[in-house]
Amino acid sequence: MDFTPTDDRRMLTETLDRFLAAEYPVEHRMKIAYDLPCHDAGLWAQLAELGALGALLPEEAGGFGGAGFDVTTVFEALGRTLCPEPVLGALMALRLLQAAGQDATDVLEGTRRMALAVGEADGSPELDDIACTARDEGDGWRLSGRKSVVYGGPAAHAFLVAARNGDALGLWEVDAGAAEVAGYAMIDGGGAAELLLSDTRGRLVMADARAALEDALDWGRLALCAEAVGAMDRAHALTIDYLRTRKQFGRPIGAFQALQHRAVDMGIEIEQARSITIHAAGSMGTPGQSRAVSMAKSLIGRVGRQISEEAVQMHGGIAMTWEAAISHYAKRLVMIDHQLGDTDTHLARVMAAYAA
Amino acid sequence: MDIHYSADDLAFQAEVKAFLRDNLDAALAARVAAGAELTRAEMEGWHATLNARGWVAGHWPREAGGQGWGAVQRHIFDEECALANAPRIVPFGVNMLGPVLLAFGTPGQQAHYLPRILDDTDWWCQGYSEPGAGSDLASLRTRAVREGDDYVINGQKTWTTLGQHANRIFCLVRTATEGKPQEGISFILVDLDTPGIEMRPIRLIEGGYEVNEVFFTDVRVPVTNLVGKENQGWTIAKYLLGHERTSIVGVGFNLEAFERVRTMARNIRRGGRRLIEDPLFAARLAQIEIDLEALKLTNLRMLAAAEGKGQLGDAPSMLKIKGTVIRQALNDLARRALGPAAAPFPSEALEGNLALAAPEHAAAAADYFNNRKLSIFGGSNEIQRNIVAKGLLGA
Ligand SMILES: Cc1cc2nc3c(=O)[nH]c(=O)nc-3n(C[C@H](O)[C@H](O)[C@H](O)COP(=O)(O)OP(=O)(O)OC[C@H]3O[C@@H](n4cnc5c(N)ncnc54)[C@H](O)[C@@H]3O)c2cc1C
């Protein structure tokens with residue numbers, strides 16, 4: 001075992017941290033995060049140049065990383081600064097393009113943005129519940145149905161759409177211009193969209209995409225766990241800092257043992273969150289991947305909420321304000337549990353394996 | 001012991017239900033259910049409806065314009081109003097200043113201000129907290145200096161809830177700097193139209209606007225606006241906080257929040273079944289229902305005991321902790337119930353066919369974040385524990 005990051009990953013961390021701190025400070029983040037398309041094209045190009053996208057794929061697919069730890073390196077950095085850019089959608093799309101053996105150069109270079117349209121209006125995280133359909137019309141494919149809460153949708157040039165063709169679950173590419181895209185900002189910042197398809201033209205990417213989709217979603221979940229760990233670290237640091245500086249009753253509130261113990265418990269839970277994420281990252285590509293990812297996503301959902309609530313409570317009223325950065329960390333940490341299956345969904349998956 | 005309502009209580013409950021059925025506008029109730037930010041006119045309209053029936057301040061004594069309700073009647077009324085999605089009665093006059101004036105006000109102050117609370121001539125807000133004085137309220141620094149028949153006030157209050165609608169504010173001000181901080185505080189009534197007052201909005205975590213900062217620069221207030229004696233404000237402040245905490249417990253709102261989650265879980269279908277059939281979700285809900293069933297009685301038992309003794313004691317602190325924790329757990333479940341559909345920023349949520357959730361459930365995430373305030377305000381839950389611990393351990 002070795003828990004030290006490689007030199008390459010450490011350099012990527014430093015590069016991204018420095019860039020995001022300088023170019024994506026809170027004030028800029030607030031401008032982008034709540035204003036459609038919730039995306040800054042200039043900064044996206046620079047993120048791509050710095051390797052934030054290339055790290056997500058292995059060399060044979062045009063990237064320079066692609067391992068679990070490469071993905072967590074990027075997303076932890078994004079989580080530390082609450083970066084609202086649509087990297088999650090890009091990651092899942094890239095993994096699918098790789099699985100389909102398709103060229104992803106323009107996505108990797110940041111010139112073309114793609115999002116994954118998989119979930120539907122009932123919010124089920126299970127691929128079996130997909131109802132969107134695709135039909136071969138001889139002159140090409142037509143897709144119908146509604147995809148819901150597509151992350152990064154408002155900024156996407158094209159969507160990878162999971163749809164049903166008879167018994168098969170396939171994957172098609174649909175141009176943003178060909179479909180109806182209704183975008184909105186999310187409560188924790190960043191953009192999502194409803195994608196409405198009615199006999200909309202699509203290009204077949206994979207006829208049987210079930211395994212590739214499950215895999216891409218696992219990568220997305222791993223990324224969300226890492227993003228949460230980055231955000232938890234910052235939320236904890238902000239809280240410790242506040243406990244040191246905020247004075248009541250003539251002393252820093254950090255002098256009260258009632259708060260000290262809770263600050264310590266936050267730290268313990270964050271270490272647990274980091275470990276389970278490392279466990280998942282190290283399990284990618286192994287037979288234990290899905291189980292490890294579900295364990296991680298379940299723990300992260302539970303602990304993310306705890307860190308959020310404790311950080312807010314220990315800040316007192318100030319954490320209830322839009323102006324305080326901690327309020328935005330608090331929202332992100334809670335809302336991550338609404339993405340790609342929540343703490344109970346993944347707990348149920350771990351439980352289901354017991355009976356099998 | 002008898003855990004059932006008496007015949008009189010049941011008759012009263014029926015009367016409240018009938019009143020709500022006949023007088024609460026369905027469209028207004030729907031807006032309350034959807035967690036909409038109510039307009040001033042909507043809040044005033046409901047206040048007037050209740051006042052016409054004599055129920056705006058039912059717990060006040062009859063001589064003051066109330067009904068002299070005890071804990072059980074008050075509970076019945078609050079529960080029925082909450083379940084019917086009636087607008088919340090703005091608490092600052094009815095539940096905070098009213099009891100203070102009844103206990104500490106001069107006959108003149110009572111005669112002048114109490115009717116104006118009932119008929120809504122005055123909308124009060126609460127000027128306790130300051131940027132540097134939150135939990136440590138006694139360290140407040142807003143100064144009031146006596147000059148002839150006036151006090152001249154300088155300083156800043158913050159977190160002033162619904163100050164944007166108010167015409168008056170009751171304030172804790174510093175009138176002496178010697179001795180213990182608690183001994184130099186006075187309780188004073190201020191007309192918000194007085195020159196030198198400026199109010200600025202504070203945007204909250206979910207994007208809404210319900211609190212303000214209030215700045216005082218050479219604000220002249222007549223000495224007759226003092227409640228109680230100069231430098232005796234701390235006793236009054238604590239008395240008011242006891243009443244404020246009791247009203248924050250909100251058993252009625254908890255019951256409404258529970259019904260709301262149960263309805264959501266019955267209506268939302270996910271993965272081919274109703275959410276209520278998901279054993280993990282149902283277990284979470286049942287756990288909270290059990291706590292809530294107990295809280296109903298804890299609340300009534302403690303308030304009845306307090307009525308008997310003539311003082312609230314530690315009850316408000318204990319009830320405030322449990323009531324707010326249960327409410328926050330229900331808000332958490334409501335947010336979870338929506339799954340991915342909880343995501344949209346409230347003002348950006350799509351409508352009509354494109355809506356991700358039923359209108360009355362769409363704000364579940366915003367409500368969850370907003371209600372994190374419940375364990376912070378009215379004295380944080382940590383401060384409530386300190387208060388109870390002091391009683392237990394004498395420390
Ligand atoms: C939405 C909202 C509405 C409000 N409305 C009003 C209003 O209308 N009028 C008004 O006057 N005020 C209002 N308040 C203010 C509220 O009463 C204060 O926020 C509250 O008293 C806490 O003070 P603080 O925010 O300064 O936190 P702080 O006092 O700075 O506390 C920060 C943290 O330290 C903890 N802490 C402090 N001292 C101790 C201790 N001795 N032991 C253990 N832990 C401790 C607290 O519990 C908290 O977790 C409102 C607040 C909010 C958020």
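Lettering of chains follows the sequences in order, A, B, ..., and the numbering in each one begins at 1. It should be emphasised that the depicted structure is a prediction, and the values quoted were computed from it without experimental measurement.
- Here A:Tyr34 and B:Phe345 bring their ring centres to under 6.0 angstrom of each other.
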Begin from the C-alpha positions of B:Ser380 and A:Gln313 and carry the test side chain to side chain donor-acceptor pair (under 3.5 Å) through to its verdict.
-> CA-CA 8 Å; B:Ser380 73; A:Gln313 185 66 23; 4.9 Å; no
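- Contact check on B:Glu382 versus A:Arg262 returns a salt bridge, with a Lys/Arg side-chain nitrogen under 4.0 Å from an Asp/Glu carboxylate oxygen.
- Looking at B:Arg284 and A:Asp344, a side-chain N of the basic residue comes within less than 4.0 Å of a carboxylate O on the acidic one, giving a salt bridge.
- Scanning all heavy atoms of the two residues, the minimum distance from A:Ile187 to B:Pro346 falls at CD1-CD, 4.0 Å.
- Scanning for salt bridge (Lys or Arg N to Asp or Glu O under 4.0 Å) contacts around B:Arg327 gives an empty result, with sequence neighbours left out.
- Interface residue A:Ala348: backbone and side-chain heavy atoms are both found under 4.5 Å from chain B.
- A salt bridge does not link A:Glu323 with B:Arg203: none of the charged nitrogens is closer than 4.0 Å to a carboxylate oxygen.
- Looking at heavy atoms from C-beta onward, B:Arg270 lies out of side-chain contact with A:Asp129 at the 4.5 angstrom threshold.
- Between A:Asp337 and B:Arg336, the closest side-chain pair of non-hydrogen atoms falls below 4.5 Å.
- Heavy atoms closer than 4.5 Å to chain A are found in the side chain of B:Tyr368, but not in its backbone.
- Of all the heavy atoms in B:Arg372 and A:Val312, the pair that sits closest is CB-CG1, 4.2 Å.
- Heavy-atom neighbours of B:Met264 CE from other residues, nucleotides or ligands within 6.0 Å: above the threshold of 12.
- With B:Lys373 contributing its side chain and A:Gly317 its backbone, the two residues share no donor-acceptor pair below 3.5 Å.
- Distance alone, capped at 3.5 Å, is enough to place a donor-acceptor pair between the A:Asp122 side chain and the B:Gly271 backbone.
- The residue among A:Arg246, A:Lys247, A:Glu126 with the most heavy atom pairs within less than 4.5 Å of chain B is A:Arg246.
- In this structure, the side chains of B:Asp332 and A:Val334 stay at 4.5 Å or more apart for every pair of heavy atoms.
- The contact between B:Ala366 and chain A is made by backbone and side chain atoms together, counting heavy-atom distances below 4.5 Å.
- For A:Ile326, no part sits under 4.5 Å from any heavy atom of chain B, backbone or side chain.
- With rounding to the nearest 0.5 Å, the separation of CD in A:Glu194 from CG in B:Asn353 is 11.5 Å.
- Of the possible polar contacts, none joining the A:Gln339 side chain to the B:Pro340 backbone as a donor-acceptor pair under 3.5 Å is found.
- For A:Ala319, the part sitting under 4.5 Å from any heavy atom of chain B is the backbone (N, CA, C, O) and nothing else.
- A distance-only check finds no donor-acceptor pair linking the side chain of B:Glu348 to the backbone of A:Asp35 [under 3.5 Å].
- The environment of B:Arg141 atom CZ is sparse: at most 12 non-hydrogen atoms of other residues, nucleotides or ligands sit within 6.0 angstrom.
- Between chain A and the options B:Arg269, B:Glu206, B:Arg335, the largest number of non-hydrogen pairs under 4.5 Å is found for B:Arg335.
- When the shell of 6.0 Å around CD of B:Gln287 is examined, it contains 12 or fewer heavy atoms from other residues, nucleotides or ligands.
- Among all heavy-atom pairs drawn from B:Ile376 and A:Met320, the shortest one is CD1-CG, 4.0 Å.
- In terms of non-hydrogen atom pairs under 4.5 Å with chain A, the most contact-rich of B:Asp278, B:Leu338, B:Leu350, B:Ile268 is B:Leu350.
- Using a 4.5 Å cut-off on side-chain heavy atoms (C-beta onward), B:Ile205 and A:Trp322 make no contact.
- Note that CZ of A:Phe249 is 9.0 Å distant from CG of B:Leu137, once rounded to the nearest 0.5 Å.
- Interface residue B:Pro131: only backbone heavy atoms are found under 4.5 Å from chain A.
- Neither the backbone nor the side chain of A:Leu340 comes within contact range of chain B; no heavy atoms are under 4.5 Å apart.
- For B:Lys322, the NZ atom counts as loosely surrounded, since its 6.0 Å shell holds 12 or fewer non-hydrogen atoms of other residues, nucleotides or ligands.
- Expressed to the nearest 0.5 Å, how far CG of B:Leu204 lies from OG1 of A:Thr321 amounts to 7.5 Å.
- Between chain B and the residues A:Lys331, A:Met351, A:Glu120, the most heavy-atom pairs under 4.5 angstrom are made by A:Lys331.
- Both the backbone and the side chain of A:Ala182 have a heavy atom closer than 4.5 Å to some heavy atom of chain B.
- Atom CG of B:Leu280 and atom OG1 of A:Thr345 lie 8.5 Å apart (nearest 0.5 Å).
- Using a distance-only test at 3.5 Å, with no hydrogens or angles considered, a donor-acceptor pair links the side chain of A:His338 to the main chain of B:Gly339.
- Judged by distance alone, the side chain of B:Asp136 and the main-chain N or O of A:Gln248 form no donor-acceptor pair under 3.5 Å.
- With a 4.5 Å cut-off on non-hydrogen atoms, A:Leu259 touches chain B through its side chain but not through its backbone.
- Residues A:Met335 and B:Phe369 form a side-chain contact, since some pair of their non-hydrogen atoms from C-beta on lies under 4.5 Å apart.
- For a residue to count as touching a neighbouring chain, one of its non-hydrogen atoms must lie under 4.5 Å from one of that chain's; by this rule B:Leu275 does not touch chain A.
- When heavy atoms are compared at a cutoff of 4.5 Å, B:Ala283 does not approach chain A at all.
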